[in-house]
Amino acid sequence: MTDPTSEHDPRRRIPRTDHLLALPEATAAAERLGTGAVRTLVRQQQDRARAGDLAPEDVPAALVAALTTRRSTSLTPVLNATGVVVHTNLGRAPLSPAAVEALVTAAGYVDVELDLATGTRSKRGLGARAALLAACPAAEDALVVNNGAAALVLATTALAAGREVVISRGELIEIGAGFRLPDLITSTGARLREVGTTNRTHLLDYARAVGPETGSLLKVHPSNFRVHGFTAEVSLAELRTLADEQGVPLVADLGSGLLTPEPVLPDEPDATTALEAGADLVIASGDKLLGGPQAGLLLGRAEVIATLARHPLARAVRADKLALAALEATLIAGPAPAGEYVRADPEALRDRTERLAAAVDGGAQVAVVPHPGRVGGGGAPGRELPGWALRLPEVTARRLRLGEPAVLARVHDGGCLVDLRCVPPAEDGVLAGAVRRALTGAGAEPSRLEPA
Ligand SMILES: *Cc1c(COP(=O)(O)O)cnc(C)c1O
């Protein structure tokens, strides 16, 4: 090793911190990322040069490159090449351009609780409420809260705390990552009154359980699994007659967020059908098949919604202005990306996949294969959406994840499957570049691997 005090040691030529911080790119980046993050990136380039991984004269250029790829959030955009539309690990539904525009509008001061005409206070979420009611006229009123789980907790607390929630044993589901509906329900102080069996529940089971202790009748869509064989469940229309006889509210937790029937997913329940069948209240998520931001949607009879809106817990689970703005825009702007991806034409997917195969020029390493897409996010379990994928060697999956842009493909059966269903067609060229680099192993040690 050279003596660092020697005149000839290249380390003496590493640019000084104050010099690097004064670069115009560095001062501009400091406004976006904060000075701390810029100093860290400066130190990292100097360290690389000291370790001999970077020539001293290349340090400024390496710093500029690191600054331009560094984002103001630690979240990294990912191209979803899994074929799973509502991908929980990728933030569920991607927002429509209209919803993104609404987010930016709502980011500053906005009249979220102000009537500009009179200068007095107004109610929060009126725009989102109006858009929901226009999209689902079967509902008399609507309330938006933080997410689907919050909607269920609010409804259960306001209607059944200290009393019983009557629910079928076949509908006591886990919604993901250890979160179980029964635990959520009992956390509100309501008691579970389980009826029927795992596979079969009859109207008589409910009728025997309903009485003076009943707070609500709850029907949950078992959104993430299917029971086959000797099964029976009671429809909302049948439960409606019981609810009327006993004067108890009938609540339906649908999960998926469809407001009207989706022809491609005939088994997936929707809010309009559930309300028309007699539900007093419907609960759904905003970021599943509706294709909007994280939100809990409560739709139903005016007096039930009013009861929930008045409850103190409503304040603790209220939706933020960004979600309200994005939800309203999603509803008004027409088909959101998630809906389009569910309905994607298999022939068009095949064409795009074949063009991708030609563009990456991977020879025998790549093949176009049939590959079913999925709704995901606990929706339409077992339903395969016909489509195609580009099959690559399994080693490319990690390189794709760590590349720029990051691409999440599906690792399956010894291969890496790149499915274009949920990739915006405008990104096909970018994706082809990423696949090409992953196949050759180029860019396999990108800057994102380094500690920040
Ligand atoms: C997804 C889901 C929930 C939870 O909704 P979040 O928006 O994730 O909080 C509740 N019930 C059902 C049936 C679901 O599918």
Side-chain angles (χ1 to χ4, degrees), residues 85-86 91-152 154-155 254-262 270-272 274-275 281-302 304-306 308-309 314-343 377 379 424:
V85 178
V86 182
R92 291 199 178 155
L95 293 181
S96 65
V100 172
E101 192 189 308
L103 281 182
V104 173
T105 301
Y109 292 125
V110 281
D111 58 346
V112 63
E113 288 185 24
L114 179 73
D115 179 6
L116 284 171
T118 61
T120 56
R121 184 183 176 145
S122 72
K123 267 173 84 178
R124 195 182 177 85
L126 287 177
R129 172 178 173 272
L132 271 174
L133 295 179
C136 181
E140 290 174 8
D141 203 352
L143 179 67
V144 182
V145 296
N146 180 57
N147 63 3
L152 180 64
L154 176 61
L254 305 182
S256 81
L258 285 180
L259 297 181
T260 51
E262 167 56 65
D270 67 277
T272 299
L275 290 166
L281 181 68
V282 163
I283 294 168
S285 298
D287 54 358
K288 293 182 180 171
L289 285 170
L290 188 66
Q294 178 184 304
L297 314 180
L298 291 148
L299 296 147
R301 292 231 325 276
V304 178
I305 296 291
L308 305 196
R315 173 57 200 254
V317 297
R318 80 175 185 184
D320 83 315
K321 62 176 180 172
L322 301 179
L324 289 169
L327 177 65
E328 179 183 2
T330 301
L331 290 162
I332 291 172
E340 302 205 317
Y341 298 159
V342 166
R343 290 185 293 269

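In this text, all values refer to a predicted model and were calculated from it rather than measured experimentally. We use all heavy atoms of the structure for the numbers below, so side chains are in, but hydrogens, waters and symmetry mates are not. Throughout, residue positions are numbered sequentially from 1 according to the sequence presented.
- Every residue meeting the side chain to side chain contact (heavy atoms under 4.5 Å, CB included) condition with Pro261, not counting sequence neighbours, appears here in chain and number order: Asp270, Thr273.
- Residues Tyr341 and Pro424 meet the side-chain proximity criterion, which asks for heavy atoms closer than 4.5 Å.
- Of the possible polar contacts, none joining the Lys288 side chain to the Gly257 backbone as a donor-acceptor pair under 3.5 Å is found.
- Residue Ser285 comes nearest to Leu297 through the heavy atom pair O-CD1, 4.2 Å, listed as atom of the first residue, atom of the second, then distance.
- Annotation: side-chain hydrogen bond (donor to acceptor under 3.5 Å, both in side chains) contacts involving residues 322-339, sequence neighbours excluded, are absent.
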Throw together a table of side-chain donor-acceptor distances under 3.5 angstrom for residues 135-148, partners on residues two or more places apart or in other chains.
{"from": "Glu140", "atom 1": "OE1", "to": "Ala302", "atom 2": "N", "distance (Å)": "2.8"}
{"from": "Asp141", "atom 1": "OD1", "to": "Arg129", "atom 2": "NE", "distance (Å)": "2.6"}
{"from": "Asp141", "atom 1": "OD1", "to": "Arg129", "atom 2": "NH2", "distance (Å)": "3.2"}
{"from": "Asn146", "atom 1": "OD1", "to": "Gln294", "atom 2": "NE2", "distance (Å)": "3.4"}
{"from": "Asn147", "atom 1": "OD1", "to": "Ala149", "atom 2": "N", "distance (Å)": "3.4"}
{"from": "Asn147", "atom 1": "OD1", "to": "Ala150", "atom 2": "N", "distance (Å)": "2.8"}

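- Counting all heavy atoms, side chain and backbone alike, Ala102 lies closest to Ala325 at CB-O, 3.4 Å.
- The minimum heavy-atom distance between Ala314 and Leu154, with the atom names listed, is N-CD1, 3.7 Å.
- By the 4.5 Å heavy-atom criterion applied to side chains, Leu132 and Leu259 are counted as neighbours.
- Counting all heavy atoms, side chain and backbone alike, Lys321 lies closest to Ala107 at NZ-O, 3.4 Å.
- In this structure, Leu281 CG and Ile305 CD1 are separated by 5.0 Å, a value rounded to the nearest 0.5 Å.
- Nearest heavy-atom pair across Ala338 and Ala93 is CB-CB, 4.2 Å.
- Nearest heavy-atom pair, Leu275 versus Gly300, reported as atom, atom and distance to 0.1 Å: CD2-CA, 3.8 Å.
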Original post:
What do the steps show when you test Val304 against Leu298 for side-chain contact (heavy atoms from CB on, under 4.5 Å), and what is the final call?
Top reply: CA-CA 10 Å; Val304 178; Leu298 291 148; over 6 Å; no
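- A heavy-atom distance below 4.5 Å is not found between the side chains of Ser256 and Glu262.
- Screening residues 91-115 for salt bridge (Lys or Arg N to Asp or Glu O under 4.0 Å), with sequence neighbours left out, gives Arg92-Asp287, Glu113-Arg121, Glu113-Arg124, Glu113-Arg318.
- We find the CG-CD1 distance between Leu308 and Ile283 to be 8.0 Å, quoted to the nearest 0.5 Å.
- With sequence neighbours excluded, the residues that form a side chain to side chain contact (heavy atoms under 4.5 Å, CB included) with Leu103 are Leu95, Leu322, Ala326.
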